[in-house]
Amino acid sequence: MARITAGVGCSHVPAIGVAMDTGITEQPYWKPLFDGFTKSREWMKENKPDVIFLVYNDHCTAFDASCIPTFALGCAAEFTPADEGWGPRPVPVVKGHQKLASHIAQSVILDEFDLTIMNEMEVDHGLTVPMSVMFGEHGVDDEWPCLVVPLAVNVVQYPAPTGRRCYNLGKAIRRAIDSYPEDLNVMIFGTGGMSHQLQAERAGLINPEWDKRFLDYMATDPEAAANITHLEYLRETGSEGIEMVMWLVMRGALDEKVTEVHRHYHVPASNTAVGHIILENHA
Amino acid sequence: MRDEKDYDDIPGTFVFDADRSREGYHLNQFCISLRTQKARDAMKADPEDYMSRFPMTEDQKQAIRDRAWNRLLELGGNIYYTSKLAAFDGITFQDLAAMMTGVSRDEYRDMMLHGGRPIEGNRSKSEWEKK
């Protein structure tokens, strides 16, 4: 049977991708950020997922304003890195697991979560940056070490789905994956955040105390995280901090009690506080 | 007209809700169109002609001509869309943020290196009015 062995929370700032693509990760500005992922990359090598269920958001790249699905599941055979205005990132095409994706779609929709099915979709930095930081540099001609089932969540047009809804969707995804007959080691990634505001006069807002408490909640008190209101995200973590609801999909798919194996927090990457956590399910 | 929202009290922030999305639809579609090289070439060759392909208001067009980044948000633009126009100009997210907050590029970068804009004093409009 397929099983979810671990969850990863991880920010997905575009500048992190640029730093890796242009080979400047050893510069003093970037080094402390990337040092926090050294252990993560070793851990990925030791734990070798077959599939990553990757929760992220599109930043008005694959989806324009004409269609704004709240939850869009990537069911295609492959997902091409998108041109976000400065050319596509030089990273491999992302390969999907179509059978697992269709199984999840069917299971989750019958479980009363009305997903949008994407049979064609380009993916932006929201998906490729977490892949890059967790797996290290991979060029266009390489392959990613595993397959990916992407779930794009609307966090651009208010309101995003509530944290509680995301948490419950995570539980439905868990039920779907648990009932898939093939033996697969599946990890789930929740990406985005942490505190950041990219727009208007309050741009640059960072709230480290809040972020660290959120990481604590991920480890030991997901119920408290699921209760956080949209108003609190907007006010306390900046208008773009609301991306953190996507970590709750990840957390919902894990056991209630998990083992924290790694944590990293760093300010800044461009305009953003970078947070990262690895949580293992018990066997 | 917008109804009053519980997040209206957050200072220096435009929450991109359904009302703003409605007002900014064509502006945002204009911005995202710049994602392709063909569109960027057309915009470069004749900005007025390219803008005329999108039924935007005159205020929105003027804000584009002026590169009035906060005004674009006020007129229904969303940062992930307007950043495509900034990318067209070769402006990064961080430099765009500096422009929107009215400080120099170095000053903004320095603020971020020292932990960013603190939450204290930046939660509600009443705190900004006291300044």
Side-chain angles (χ1 to χ4, degrees), chain A residues 13-15 18 28-29 57-66 68 82-88 122 124 126 155-159 195-211 229-242 267-273, chain B residues 5-7 9-18 20-21 24-26 28-29 31-37 40 69-70 73-74 77-88 90 92-94 96-98 100-103 108-109 111-119 122-124 128:
Chain A
V13 187
V18 175
Y29 182 90
N57 69 289
D58 179 80
H59 302 77
C60 310
T61 310
F63 299 95
D64 66 18
S66 66
I68 303 166
D83 183 346
E84 298 180 53
W86 48 85
E122 292 188 348
D124 72 6
V155 291
V156 171
Q157 179 169 321
Y158 186 89
S195 56
H196 67 305
Q197 175 154 336
L198 302 176
Q199 54 129 343
E201 292 93 341
R202 201 173 72 135
L205 187 90
I206 299 287
N207 191 345
E209 288 76 27
W210 196 100
D211 289 340
T229 63
H230 278 0
L231 185 61
E232 179 172 344
Y233 282 114
L234 292 170
R235 196 191 295 281
E236 297 293 324
T237 76
S239 48
E240 280 64 55
I242 203 159
V267 178
S270 183
N271 302 299
T272 305
Chain B
K5 312 280 172 65
D6 58 0
Y7 42 78
D9 174 51
I10 303 172
T13 303
F14 297 97
V15 175
F16 184 67
D17 57 20
R20 291 197 191 285
S21 171
Y25 181 66
H26 295 292
N28 289 321
Q29 292 298 76
C31 290
I32 195 172
S33 75
L34 297 173
R35 203 164 79 68
T36 66
Q37 190 58 47
R40 292 195 286 267
W69 301 108
N70 285 328
L73 302 177
E74 196 184 334
N78 170 269
I79 186 64
Y80 291 116
Y81 293 98
T82 58
S83 65
K84 306 287 191 281
L85 179 63
F88 171 79
T92 65
F93 256 115
Q94 185 162 64
L96 181 58
M100 287 183 292
T101 59
V103 299
Y108 185 87
R109 192 181 154 94
M111 173 183 82
M112 292 317 298
L113 279 172
H114 289 87
R117 185 183 309 284
I119 187 67
N122 292 309
R123 286 188 171 95
S124 74
W128 279 28

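Throughout, protein chains are lettered first and strands after them, A, B, ... in sequence-line order, and every chain is numbered starting at 1. Side chains included, hydrogens not; waters and symmetry mates left out as well; all remaining heavy atoms used.
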If you count heavy-atom pairs within less than 4.5 Å of chain B, which of [options] leads?
options: A/S66, A/P208, A/P14; value: A/S66
options: A/E84, A/H59, A/E201; value: A/E201
options: A/T237, A/D64, A/V267; value: A/D64
options: A/H230, A/H196, A/Q197, A/E209; value: A/Q197

Using non-hydrogen atoms and a 4.5 Å limit, figure out which bit of [X] sits close to chain A: side chain, backbone, both or neither.
X: B/P11; value: both
X: B/D6; value: both
X: B/L113; value: both
X: B/M111; value: side chain
X: B/N70; value: side chain
X: B/W69; value: neither
X: B/S124; value: both
X: B/I79; value: side chain

Do the non-hydrogen side-chain atoms of [X] and [Y] ever get within less than 4.5 Å of each other?
X: B/T82; Y: A/Q199; answer: no
X: A/P268; Y: B/R109; answer: no
X: B/N78; Y: A/V156; answer: yes

Q. For the residue pair B/Y81 and A/F63, what are the closest heavy atoms and their distance?
A. OH-O, 4.2 Å

Q) Should B/I119 and A/R235 be marked as a side-chain contact (heavy atoms from CB on, under 4.5 Å) after you check the CA-CA gap, both sets of side-chain angles, and the distance that decides it? A) CA-CA 9 Å; B/I119 187 67; A/R235 196 191 295 281; 5.7 Å; no

Please look at [X] and chain B and tell me whether the side chain, the backbone, both or neither of the residue comes under 4.5 angstrom of a heavy atom of that chain.
X: A/S195; result: neither
X: A/Y233; result: neither
X: A/E236; result: both

State the [atom1]-[atom2] distance between [X] and [Y], to the nearest 0.5 angstrom.
X: B/S21; Y: A/I68; atom1: OG; atom2: CD1; answer: 4.5 Å
X: B/Y80; Y: A/N57; atom1: OH; atom2: CG; answer: 6.0 Å
X: B/N122; Y: A/R202; atom1: CG; atom2: CZ; answer: 6.5 Å

Q | Full working for side-chain contact (heavy atoms from CB on, under 4.5 Å) between B/T13 and A/L234 | A | CA-CA 9 Å; B/T13 303; A/L234 292 170; over 6 Å; no

Are any side-chain N or O atoms of [X] and backbone N or O atoms of [Y], one a donor and one an acceptor, separated by less than 3.5 Å?
X: B/R35; Y: A/T61; result: yes
X: B/Q29; Y: A/A65; result: yes
X: B/R117; Y: A/A203; result: yes

Q | Partner chain A: residue of B/A87, B/A86, B/S33, B/G115 with the largest heavy-atom pair count (under 4.5 Å) | A | B/G115

Q) What option among B/K84, B/Q37, B/H114 has the most heavy-atom pairs under 4.5 Å with chain A? A) B/K84

Q: Kindly indicate, with the supporting measurements, whether the criterion side chain to side chain donor-acceptor pair (under 3.5 Å) is fulfilled by A/N271 and B/Y108.
A: CA-CA 9 Å; A/N271 302 299; B/Y108 185 87; 2.8 Å; yes

Q. Any Lys/Arg nitrogen of B/R40 or A/D83 sitting under 4.0 Å from an Asp/Glu carboxylate oxygen of the other?
A. yes

